[in-house]
Amino acid sequence: MPGLGLSAGITFFMLTLVVALPIGALLWQGANFGAANIWATINRDRVWTALWLSFRLSFLAACFNLVFGVILAWVLVRYRFPGRRIIDAAVDLPFALPTAVAGIALTALYAPNGVLGQLTNQIGWQIAYTQWGIFLALVFVGLPFVTRTVQPVIEEIETEVEEASATLGASRTHTLRHVIAPMLMPAALTGFALSLARAVGEYGSVIFIAGNIPLRTEIAPLLIVIQLEEYNYDAAGAIGLAMLAISFTMLLVINLIQIWSRKRIGHV
């Protein structure tokens with residue numbers, strides 16, 4: 001293939017510069033800090049609570065986006081209705097909107113004195129400065145990853161496939177579970193992984209609406225920023241290594257599920 005050597009060289013150089021070197025520097029710093037010191041830094045209630053909060057809410061937000069994002073993509077592709085183009089364009093808004101601006105906007109809406117916050121407070125449900133606010137922010141930033149990943153796949157699925165299934169006597173539920181869902185599964189899992197990865201490292205849109213209360217609404221990226229502001233780079237690197245290890249494990253499991261789903265579809 002003409003240009004393969006040059007294109008491969010540029011690709012590996014950029015991957016090394018952007019991905020491998022930062023991760024390598026983090027691992028090198030952790031090695032210099034020592035395993036015992038890393039464990040002592042991580043093994044604190046505040047750090048474990050922040051890690052559990054970040055990964056738990058990121059996973060739940062990614063699950064929500066997986067379901068709602070696929071439904072939204074299906075509606076945008078298969079149906080024609082007034083305002084469809086506006087909704088389709090609005091899906092990309094979290095990509096273009098700075099995360100800090102999104103956090104300020106969400107806080108202004110859902111704060112106790114905000115437009116929607118006043119309504120929710122009347123029924124005894126506070127969103128801002130709680131874990132619900134964090135969940136809402138993570139859903140906002142992660143939804144486009146699922147929708148935009150699944151949308152091209154839905155466009156390639158011919159309606160004749162569903163018609164053939166109906167002709168053979170299958171119900172809509174059976175067609176959805178055994179015909180449509182296996183086709184969408186690899187792309188949906190890819191969107192899920194992207195949404196999860198974005199949510200785990202999200203900072204700007206969360207810190208404003210979270211309230212940042214230690215042991216309650218404090219996320220792990222905020223702990224890293226706090227350590228950096230105190231010039232405690234070793235502690236920041238230790239928390240970063242913990243997040244890296246957990247993220248790598250979660251993404252590895254998702255990739256294994258993707259491989260299994262692709263093999264399963266290939267055998268059908």
Side-chain angles (χ1 to χ4, degrees), residues 45-76 78-79 81-148 150-151 188 191-192 194-226:
D45 290 341
R46 186 177 180 181
V47 176
W48 283 122
T49 302
L51 289 171
W52 170 246
L53 175 68
S54 294
F55 283 95
R56 175 170 55 87
L57 292 183
S58 297
F59 180 78
L60 293 176
C63 290
F64 179 89
N65 287 332
L66 176 62
V67 177
F68 185 72
V70 171
I71 295 175
L72 178 59
W74 185 272
V75 171
L76 291 175
R78 289 301 180 91
Y79 298 99
F81 52 90
R84 185 182 68 89
R85 293 184 179 275
I86 297 177
I87 296 176
D88 189 43
V91 172
D92 295 326
L93 187 60
F95 287 146
L97 194 65
T99 55
V101 176
I104 294 173
L106 291 172
T107 305
L109 284 174
Y110 292 99
N113 59 346
V115 177
L116 298 178
Q118 292 179 355
L119 297 176
T120 57
N121 284 340
Q122 291 178 0
I123 61 176
W125 185 23
Q126 183 178 348
I127 296 179
Y129 317 129
T130 67
Q131 295 185 16
W132 284 109
I134 301 175
F135 174 79
L136 182 65
L138 296 181
V139 167
F140 176 80
V141 299
L143 178 63
F145 290 95
V146 178
T147 301
R148 290 309 187 212
V150 174
Q151 199 167 353
F192 174 82
L194 293 174
S195 178
L196 177 63
R198 172 65 187 273
V200 166
E202 183 59 27
Y203 176 78
S205 64
V206 175
I207 57 172
F208 294 101
I209 198 171
N212 308 320
I213 304 173
L215 301 177
R216 291 181 57 187
T217 61
E218 189 176 52
I219 59 175
L222 178 61
L223 278 183
I224 296 177
V225 173
I226 292 174

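Index from 1, following the sequence.
- Looking only at side-chain heavy atoms (C-beta outward), V70 and V146 come within less than 4.5 Å of each other.
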Could you walk me through whether I209 and F140 pass side chain to side chain contact (heavy atoms under 4.5 Å, CB included), step by step? CA-CA 12 Å; I209 198 171; F140 176 80; over 6 Å; no
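- Annotation: R56, atom CZ; neighbour count of heavy atoms from other residues, nucleotides and ligands within 6.0 Å is above 12.
- Listed here is the closest heavy atom pair of R46 and L215: CA-CD2, 3.5 Å.
- Under the 3.5 Å distance criterion, the side-chain polar atoms of T120 are matched with a main-chain donor or acceptor of G117.
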Begin from the C-alpha positions of D88 and Q151 and carry the test side chain to side chain contact (heavy atoms under 4.5 Å, CB included) through to its verdict. CA-CA 11 Å; D88 189 43; Q151 199 167 353; 3.4 Å; yes
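- Taking the centre of each ring, Y129 and Y110 stay at or above the 6.0 Å mark.
- Pairing each heavy atom of P94 with each of A90, the nearest pair is CD-O, 3.9 Å.
- In terms of heavy-atom proximity, S54 sits nearest to A220 at OG-N, 2.8 Å.
- Between L53 and Q131 the shortest heavy-atom distance is CD1-CD, 3.5 Å.
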Is there a side chain to side chain contact (heavy atoms under 4.5 Å, CB included) between N121 and Q126? Walk through the geometry before answering. CA-CA 6 Å; N121 284 340; Q126 183 178 348; 3.8 Å; yes
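- The distance from atom CD1 of I207 to atom OG1 of T217, rounded to the nearest 0.5 Å, is 12.0 Å.
- No donor-acceptor pair under 3.5 Å is formed between the side chain of S195 and the backbone N or O of G191.
- Summarising the geometry, atom CG belonging to N113 is positioned 6.5 Å from atom CD belonging to Q118; distances are rounded to the nearest 0.5 Å.
- The aromatic rings of W132 and F135 sit perpendicular, their planes meeting at an angle over 60°, well past the 30° parallel limit.
- Here the CG-CG distance, from L109 to L136, works out to 9.0 Å after rounding to the nearest 0.5 Å.
- The two residues V141 and P144 come nearest to each other via the heavy atoms O-CD, 3.9 Å.
- L106 contributes atom CG, which lies 11.0 Å from atom OG1 of T99 (distance to the nearest 0.5 angstrom).
- Within the 4.5 Å cutoff, the side chain of L72 has heavy atoms near those of the I87 side chain.
- Closest approach of G69 to L143, counting heavy atoms only: CA-CD1, 3.7 Å.
- Using a 4.5 Å heavy-atom cutoff, the side chains of P221 and E202 are not in contact.
- Atom-to-atom distance recorded for I219:CD1 and L138:CG is 7.5 Å, nearest 0.5 angstrom.
- Taking CD1 of I71 as the start and CG of N65 as the end, the distance is 11.5 Å to the nearest 0.5 Å.
- With contacts defined as side-chain heavy-atom distances shorter than 4.5 Å, the pair V200/F55 qualifies.
- Counting non-hydrogen atoms of neighbouring residues, nucleotides and ligands closer than 6.0 angstrom, the OH atom of Y79 reaches no more than 12 such neighbours.
- The closest side-chain heavy-atom distance from E218 to I226 is below 4.5 Å.
- Around atom CD1 of I86, no more than 12 heavy atoms belonging to other residues, nucleotides or ligands sit under 6.0 Å away.
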Check the pair I224, Y203 against side chain to side chain contact (heavy atoms under 4.5 Å, CB included), reporting the backbone distance first and the verdict last. CA-CA 10 Å; I224 296 177; Y203 176 78; over 6 Å; no
